Amino acid sequence: MAKRQEPPTLSPEERVKSFEEVEGVYLPHQAIAEAARCLFCHDAPCNKDCPAGIDIVKFIRRIKTKDFRSAIRAVRESNILAGVCARVCPTEKLCEKACSSTELTEPINIAALQRFVTDTEMQKGITPSAKAEPTGKKVAVTGSGPAGLAAAAELARAGHAVTIFEAKPLPGGVLTYGIPLYRLPKEVVIAEIDCIKQLGVEIKTDTPIDEKLNIDALFDQGFDAIFIATGVGKPYFVRMPGEDLEGVYSALELLSQVRVHYSKPSRGEFPLKIGIKALVIGGGNVAMDAACSFLRLGAEEVHVVCLESFEEMPAFPSEIEFAKEEGIVFHPRSKPLRIIGDENGRVKGFEGVGIRWKEPNNFSPSNAVPIEGTEFSLDVDTVVEAIGQGPDPSLAQALPGVETKGRGLIVVDEETRMTSRKGVFAGGDSVNGGDTVVQAIAEGKKAADGINKYLKSI
């Protein structure tokens, strides 16, 4: 079998200099050569492991025959945010992990092939798929992240009138405010949201769902069903001494400011004060994004402190390796103790300690036992906490009659995605607590199917 084709990629030395996208796109002959490596399995395992339901074998076969237009249609009919997913989907844990070619050599580079067809399409303009005849039904979607956008697109295709209510000035949720530009350029997000708008979806920005514009009010406005996709916008903190110092931020705050600031054609001074020695607390993908963003903001030294070992960290292995390549210094199996401030109330240092687990396979802070004699300190002037986030507690007032659990996650029927309130559905991070973009898309599509069936019954 031929060698796997890799797209052009910036070196670590080049990529830390700016927020330019790291990975390039195949040339046509490279895409055709990579597609030719596919075994075109009859019962393809890659298809089964794509949460968005893309017929991967179908679109790769069409690349092989140089029918790029049909290839993108095969992708887009299942995933309206195909260009986004071609960049941020953890293919190494999903479709590429399942690829039969892995048994012979290397898996097919499915992400790069998907990016090739979506980028080719975007150069000419995305053409939305056909819509069904208007049904006369109205659906409200709260939140314009991947789950909300996917649901809105499916519902609009089915002929319903769809309105998205978005609290922030720009639509996109985590796609617009949470993923660094070097991984997901703004042009891709804008192009795919514009395609959804072309389906007839109306997006009202700066319109939060709250105690005034709650689900009762939406029903009063004539909506027949509501889909809740408000995500998880409340960051969690360690709750240790020094968190009130100047120079301590949440990862959500840092990444949203970076994304917005570097998306502007003309930029002034970066709004957050970033020093030259930075620290990120956390071991997930968001922590990796924050750490690598610090380098691009001018930090000369960036540390990551997390409770987990490299094998235990929730971040994707590819994201950890990416950060290592850029020179991020890791302190695994370490617990934060305190952030130290100077006489002006600004961060000047950090103290932590090595840990062991009291019980195996329980990676919670309460299970971490400090190891005597492993205390350490770091000279840092900026700290970001990236230990997770949850639903905003204030949203409860906007969802009367909707059952929640734990820290505010919405309870839904697994099959229909309907909540405890009739006509109200939910999906994405507000239900699962935080998962991948492609999983949110899958849940949005599943909820749209449940909403379709519900609307036919009333």
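Everything numeric in this text was worked out from a predicted model, so none of it was measured.
Looking only at distances, no side-chain donor or acceptor of Lys335 sits under 3.5 Å from a matching main-chain atom of Pro365. When atom types are taken as modelled, the side chain of Glu34 and the backbone of Gln5 share a donor-acceptor pair closer than 3.5 angstrom. Panel note: side chain Gln114, backbone Ala82; a donor-acceptor pair is recorded below 3.5 Å. The closest donor-acceptor contact from the side chain of Glu443 to the backbone of Ala440 lies at 3.5 Å or more, if one exists at all. A donor-acceptor contact shorter than 3.5 Å is absent between the side chain of Thr176 and the backbone of Leu170. In terms of modelled atom types and a separation under 3.5 Å, the side chain of Asn214 and the main chain of Asp210 share no donor-acceptor contact. Side-chain atoms of Arg115 come within 3.5 Å of backbone N or O of Glu23 as a donor-acceptor pair. Arg37 contributes no side-chain N or O that, together with a main-chain N or O of Ala33, makes up a donor-acceptor pair within less than 3.5 Å. Under the 3.5 Å distance criterion, the side-chain polar atoms of Asp392 are left unmatched by any main-chain donor or acceptor of Lys234. Counting only distance, with no hydrogens or angles, the side chain of Thr404 and the backbone of Leu409 share no donor-acceptor pair below 3.5 Å.
Applying the side-chain hydrogen bond (donor to acceptor under 3.5 Å, both in side chains) test to pairs two or more places apart or on separate chains, none has a residue in residues 250-265. Residue pairs satisfying the salt bridge (charged side-chain N to carboxylate O under 4.0 Å, His left out) criterion with at least one member in residues 39-51, sequence neighbours excluded, are listed as follows: Asp43-Lys48. The stretch residues 447-458 participates, sequence neighbours left out, in these salt bridge (charged side-chain N to carboxylate O under 4.0 Å, His left out) pairs: Asp449-Lys453. Counting only residues at least two apart or in different chains, salt bridge (charged side-chain N to carboxylate O under 4.0 Å, His left out) contacts with residues 156-166 comprise Glu154-Arg157.
Residues passing the ring-ring contact (aromatic ring centres under 6.0 Å, His included) test with Phe425, sequence neighbours excluded: Tyr454. Not counting sequence neighbours, Asp429 has no partner by the salt bridge (Lys or Arg N to Asp or Glu O under 4.0 Å) test. Taking Phe237 as the reference, nothing meets the ring-ring contact (aromatic ring centres under 6.0 Å, His included) condition, with sequence neighbours excluded. Not counting sequence neighbours, the partners of Glu77 by the side-chain contact (heavy atoms from CB on, under 4.5 Å) test are Lys58. Shown here are the side-chain hydrogen bond (donor to acceptor under 3.5 Å, both in side chains) partners of Gln30, two or more places apart in sequence or in another chain: there are none. Partners of Glu308 according to the salt bridge (Lys or Arg N to Asp or Glu O under 4.0 Å) rule, which considers only residues two or more places apart in sequence or in another chain, do not exist here. In this view, Glu414 and Arg417 satisfy the salt bridge (Lys or Arg N to Asp or Glu O under 4.0 Å) rule, not counting sequence neighbours.
Checked against Ile164 for a side-chain contact (heavy atoms from CB on, under 4.5 Å), the options Ile193, Thr142, Val141 give a single hit: Val141.
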Item to check | Audit row: Val88, Ile179, side chain to side chain contact (heavy atoms under 4.5 Å, CB included) steps and yes/no | outcome: CA-CA 9 Å; Val88 304; Ile179 301 176; 4.1 Å; yes
Checklist entry - Please walk me through it: do Glu403 and Arg421 pass salt bridge (Lys or Arg N to Asp or Glu O under 4.0 Å)? => result CA-CA 8 Å; Glu403 181 186 355; Arg421 179 153 179 185; over 6 Å; no
Next on the checklist: Is there a salt bridge (Lys or Arg N to Asp or Glu O under 4.0 Å) between Glu21 and Arg87? Walk through the geometry before answering.
Outcome noted: CA-CA 10 Å; Glu21 188 172 14; Arg87 289 164 165 83; 2.7 Å; yes
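Rounded to the nearest 0.5 angstrom, Thr436 OG1 and Ile441 CD1 are separated by 8.5 Å. In this structure, OG in Ser129 is found 11.0 Å from CZ in Arg73, a value given to the nearest 0.5 Å. Annotation: the span from Ile281 atom CD1 to Ser334 atom OG amounts to 11.0 Å, rounded to 0.5 Å. Note that OG of Ser293 and CD1 of Ile274 are 10.0 Å apart. Values are rounded to the nearest 0.5 Å. Note that CD1 of Ile226 and CG of Leu218 are 4.5 Å apart. Values are rounded to the nearest 0.5 Å. Between the CG atom in Leu149 and the OG atom in Ser144 there is a gap of 5.5 Å [rounded to 0.5 Å].
Because its NZ or CZ atom is not both nearer than 6.0 Å to the ring centre of Tyr182 and within 45° of the ring axis, Arg15 does not count as a cation-pi partner of that residue.
Of the N and O atoms on the side chains of Ser11 and Glu14, at least one donor lies less than 3.5 Å from an acceptor on the other residue. Between the side chains of Thr416 and Asp413, at least one donor-acceptor pair of N or O atoms lies under 3.5 Å. Glu312 and Ser309 form a side-chain donor-acceptor contact under 3.5 Å, judged by distance and modelled atom types alone. If you check the side chains of Asp224 and His160, you find no donor sitting under 3.5 Å from an acceptor.
Counting heavy-atom neighbours within 6.0 Å of Lys66 NZ, excluding the residue itself, gives a total of 12 or less. Counted within 6.0 Å of CD on Glu20, heavy atoms from surrounding residues, nucleotides or ligands total 12 or fewer; the atom is thus considered open.
Between Tyr177 and Leu255, every side-chain heavy-atom pair lies at or beyond the 4.5 Å cut-off.
Phe68 and Phe59 have their aromatic ring centers separated by at least 6.0 angstrom.
Using a 4.0 Å cut-off between a side-chain N of Lys or Arg and a carboxylate O of Asp or Glu, Arg76 and Glu192 qualify as a salt bridge.
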Review item, side-chain donor-acceptor pairs of residues 201-208, under 3.5 Å, at least two apart:
from, atom 1, to, atom 2, distance (Å)
Thr207, OG1, Thr205, O, 2.8

